[in-house]
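One structure is given here, and the rest of the page talks about it.
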Amino acid sequence: MGKIIAAINMTLDGFCDHTAGIADDELHEHYSELISNAGALLYGRVTYQLMQYWQTIVKDPTGNKALDDFAGTIDKIPKVVFSHTIKSLDWETARLATKDIKEEVLELQQKESKDILIGSPGLIAAMTELDLIEEYQLCIHPVILGNGLTLFKNITGKKLLTLLKTKTFGSGAIVLYYEAAGKR
């Protein structure tokens, strides 16, 4: 049974915006490795629709090895999409969740031997509130955005985390690896 891991990019001031980070080769290589070692990736509707961009790279590679490898990796991993509005998906490796978040995730975790990644801000917040996340991998980019979508809005009560390790990139971005208290 794999861990449930929240993995997301954010700015120094805590906003999640896919256009604000430093998406260089080193970062794409990092996420390619993370995804290739996982068994599933969980998305909400908005992030799923944003990530469909990578299907265009699979069909028409850029010639940049890191980008093309990332596109291939994200294309292959099974994806579970949580949405009340989407009725069908056109990504071959994606399926719609059929149960509520907690039931779907716990059932998937029982079946999956590899880690399960969550890559959507709203889904991370919902799963944090449900105490389902075992590890957080927060990639903090050296960018101050000033406003935008916050990651942990609407969380009730304090959540304690233990720092496991860090990873620093040449761009100045840093991944903070945290374990949720009581999840070991």
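The chain is numbered in sequence order, starting from 1. Only a predicted model underlies this, so the values are computations on that prediction, with no experimental measurement involved.
Heavy atoms only, all atoms of each residue included: K159 and I155 are closest at CE-CG2, 3.9 Å. Counting all heavy atoms, side chain and backbone alike, S171 lies closest to I22 at CB-CG2, 3.7 Å. Closest heavy-atom contact between A40 and L108: CB-CD2, 4.0 Å. Between T11 and A20, the shortest heavy-atom contact is CG2-CB, 3.8 Å. The minimum heavy-atom distance linking A173 with C139 is given by the pair CB-SG, 4.1 Å. Of all heavy-atom pairs between V58 and G72, the closest is CG2-N, 4.0 Å.
In this structure a side-chain-to-backbone donor-acceptor pair under 3.5 Å is present from E26 to G170. A donor-acceptor contact shorter than 3.5 Å is absent between the side chain of T93 and the backbone of K76. Listed for the S120 side chain is a donor-acceptor partner under 3.5 Å among the backbone atoms of G44.
L96 contributes atom CG, which lies 4.0 Å from atom CG of L89 (distance to the nearest 0.5 angstrom). Remark: I86 CD1 to H84 NE2 distance equals 11.5 Å, nearest 0.5 Å. Interatomic distance, N37 CG to S32 OG, rounded to the nearest 0.5 Å: 10.5 Å. To the nearest 0.5 Å, the span separating CD1 on I77 from CH2 on W91 amounts to 10.0 Å. From I8, atom CD1 reaches atom CG of L123 across 9.5 Å, with rounding to the nearest 0.5 Å.
With F169 as the fixed residue, the ring-ring contact (aromatic ring centres under 6.0 Å, His included) test singles out one of H28, H30, H141: H30. Of the listed residues (Q109, E134, E135, E179), just one forms a side chain to side chain donor-acceptor pair (under 3.5 Å) with K3, and that residue is E135.
More than 12 heavy atoms of other shown residues, nucleotides or ligands fall within 6.0 angstrom of atom NZ in K99. Counting heavy-atom neighbours within 6.0 Å of K111 NZ, excluding the residue itself, gives a total of 12 or less.
For the pair I57/W54, a side-chain contact is recorded, criterion being any heavy-atom separation below 4.5 Å from C-beta on. Considering only heavy atoms from C-beta on, V105 comes within 4.5 Å of F82 through its side chain. Between Y136 and T128 the shortest side-chain heavy-atom distance falls below 4.5 Å.
No hydrogens or angles considered: nothing links the side chains of T73 and Y31 as a donor-acceptor pair under 3.5 Å.
Using cut-offs of 30° and 60° on the angle between ring planes, the pair Y43 and Y48 is tilted.
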